[in-house]
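To keep things clear, I will list the structure first and then write my remarks on it.
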Amino acid sequence: MLLPGFRPLHVPIVQLNLELVLKCGQSFRWRVVQVVENDLSSPEWRLTLHDRVICLRQNSDTLFYRALFPLGTHELEDGSTLAWIRDYFQLDVDLDNIFSSIEDPIFKRATSLFGGGIRILRQDPWENLISFVCSSNNNISRITSMVQNLCTHFSSPLVLDSLNIVEPHCPFPPPHSLSNPSVDGILRNLGFGYRAKYIQQTASILCQVHEDPQQWLLSLRTKSTDEAREELLKLPGVGPKVADCILLMSCDKPEVVPIDTHMLQIATKHYNFRLPGNLKGKAVPAITPKSRDEVSLMFQKKWGAHAGWAHGVLFAADLKSLAAHGGIRTSSPSPSRVSRGVDVPKKERETVSRISGSSISSSPPGELYTDETVRGDSLAERIKLRRRYSRFKP
DNA sequence: CATGGACCACCC
DNA sequence: GGTGGTCCAT
């Protein structure tokens with residue numbers, strides 16, 4: 001494969017499969033661009049960082065990469081792009097190595113379904129945090145559009161040289177861009193619903209409490225799993241499921257297995273897990289705090305030190321095998337409840353099904369939050385925030 | 001500490 | 001009526 005401008009890196013597709021990894025609900029910002037050069041065009045993946053756009057393509061044994069830089073910046077490739085890639089994809093982690101000790105036949109089957117290549121990304125904790133605050137009661141396609149809106153409305157696009165670049169490339173907005181109280185209303189108008197307040201409050205709290213919020217989030221990587229989780233749970237919109245996702249995907253906690261209704265289904269259907277009031281044949285009851293811990297522990301015990309990575313395989317495999325069956329659909333009711341307030345229409349849809357055969361349907365602000373703006377909040381609001389934030393304090 | 005609702009917008 | 005949760009009140 002000849003790709004002008006791209007640099008080759010030897011990475012077998014069984015170690016990293018972009019198609020499987022970048023669209024399975026870990027990161028929501030990668031975009032596919034169909035490049036029409038020649039005829040044998042492979043999809044190109046792009047992600048906008050704060051100072052460059054990462055571009056990737058791949059074939060069976062090679063990953064091709066390059067970066068697009070803003071006008072006026074030195075784009076001499078000093079190796080930082082390669083360093084970023086190795087870190088982000090955790091290329092030093094050998095999938096064969098960490099999975100070879102897992103005997104679980106169901107896991108093995110899921111792996112063989114794709115021939116590997118599914119790994120956990122090492123994402124930026126801040127972006128990861130906000131993205132998953134958006135994930136509650138939500139599907140991949142809508143989360144994707146919400147995150148996209150976050151970028152286009154709260155950060156400035158990189159000014160690129162390339163003429164073939166049309167749409168704006170906006171980085172993920174930093175904490176201070178989302179901390180102003182006005183952000184709540186803006187996000188609501190963008191269709192974020194009740195998650196709008198969570199995002200603004202979380203950003204606000206982090207900016208108030210930490211000199212450098214992003215650096216502080218990064219420091220969670222060196223803390224113990226329990227300590228890091230405790231910190232994350234203090235933030236509005238972050239419950240046990242979201243916290244576990246962040247721990248696994250951006251805080252170097254590979255043993256953590258996030259349990260959502262999806263994983264609960266898998267546990268029930270394939271691992272004979274039974275909730276308290278669940279008899280055979282009955283529908284799976286709603287997840288409870290206790291059952292979540294039980295299921296998570298079961299998987300952790302079964303899969304070991306990299307249980308979270310194994311979970312990623314089951315999860316992605318599940319999503320994928322549905323997309324393959326493309327029309328199998330299971331649930332789907334319709335609304336009758338009308339809500340008041342501002343409504344902003346949204347489009348897009350996506351359906352995913354499951355391995356087992358059943359399926360689910362898925363698929364100007366920006367000012368620094370200063371003491372002055374803080375005073376803009378009502379007293380009650382501040383007290384509530386304060387109480388929540390100190391809930392776990394000694 | 002353990003359950004039910006509400007919560008937004010959107011799917012169907 | 002349900003969604004790849006969380007918050008709040010019993």
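So you know, we letter chains A, B, ... as the sequences are listed, proteins then strands, and number each from 1.
- Using a 4.0 Å cut-off between charged side-chain N and carboxylate O, Lys197(A) and Asp184(A) make a salt bridge.
- Put simply, Arg195(A) has no side-chain N or O that comes within less than 4.0 Å of OP1 or OP2 on dA9(B).
- Listed candidates were dG4(C), dT3(B), dA9(B). Nearest to the side chain of Arg142(A) is dA9(B).
- Annotation: Phe132(A) is in aromatic contact with Phe28(A) [ring centroid separation under 6.0 Å].
- Of all nucleotides listed (dG4(C), dG5(C), dT3(B)), dG5(C) comes nearest to the side chain of Val242(A).
- For the pair Ile287(A) CD1 and dT3(B) C1', the interatomic distance rounds to 14 Å; values are reported in whole Å.
- At a threshold of 4.0 angstrom between heavy atoms, the contacts of Pro258(A) with the nucleic acid are absent.
- Spacing between atom CE of Met146(A) and atom P of dC10(B) amounts to 9 Å, rounded to whole angstrom units.
- Side chain of Ser136(A), nearest nucleotide from dG4(C), dG5(C), dT3(B): dG5(C).
- One can place CZ of Arg292(A) at 10 Å from C1' of dT6(C), the figure rounded to the nearest angstrom.
- Taking only distance into account, the side chain of Tyr194(A) meets the base of dG5(C) through a donor-acceptor pair shorter than 3.5 Å.
- Ile246(A) has its CD1 atom 14 Å from the P atom of dG5(C), to the nearest Å.
- Rounded to a whole Å, the CD atom of Gln201(A) is 15 Å from the P atom of dT6(C).
- When distances are taken from the side chain of Arg188(A) to each of dT6(C), dC8(B), dG4(C), the shortest belongs to dC8(B).
- Listed nucleotides dT3(B), dT6(C), dC7(B) differ in distance to Asn137(A); the shortest reach to its side chain belongs to dC7(B).
- What separates CD1 of Ile199(A) from P of dG5(C) is a distance of 16 Å, to the nearest Å.
- A distance-only check finds no donor-acceptor pair linking the side chain of Ser296(A) to the backbone of Arg292(A) [under 3.5 Å].
- For Thr288(A), the side-chain atoms get nearest to dT3(B) when compared with the rest of dG4(C), dT3(B), dC7(C).
- The distance from atom NE2 of His311(A) to atom P of dG4(C) is 14 Å, rounded to the nearest whole Å.
- dG1(C) and dG5(B) have their P atoms separated by 14 Å, with the value rounded to a whole Å.
- For Ala307(A), the side-chain contact (heavy atoms from CB on, under 4.5 Å) partners two or more places apart in sequence, or in a different chain, are Val257(A), Gln300(A), Trp303(A).
- Nucleotides dC11(B) and dT6(C) place their P atoms 22 Å apart, quoted to the nearest Å.
- Within the 4.0 angstrom heavy-atom criterion, no nucleotide atom of any strand lies near Phe192(A).
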Query - DNA chain B base-pair string [pairs: Watson-Crick or G-U under 3.5 Å; |: paired with another strand] - result: .||||||.|||.
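- For Phe172(A) and Phe154(A), the ring centers sit 6.0 Å or farther from each other.
- Rounded to whole angstrom, the span from the CG atom of Leu264(A) across to the P atom of dT3(C) amounts to 12 Å.
- The aromatic ring centroids of His311(A) and Phe299(A) lie 6.0 Å or more from each other.
- Taking the P atom of each, dG2(C) and dG4(B) are spaced 15 Å apart, rounded to whole Å.
- A parallel orientation is assigned to the rings of Trp216(A) and His210(A), their planes being inclined by less than 30° (bins at 30° and 60°).
- For the residue pair Thr81(A) and Arg52(A), a side-chain donor N or O sits within less than 3.5 Å of a side-chain acceptor on the partner.
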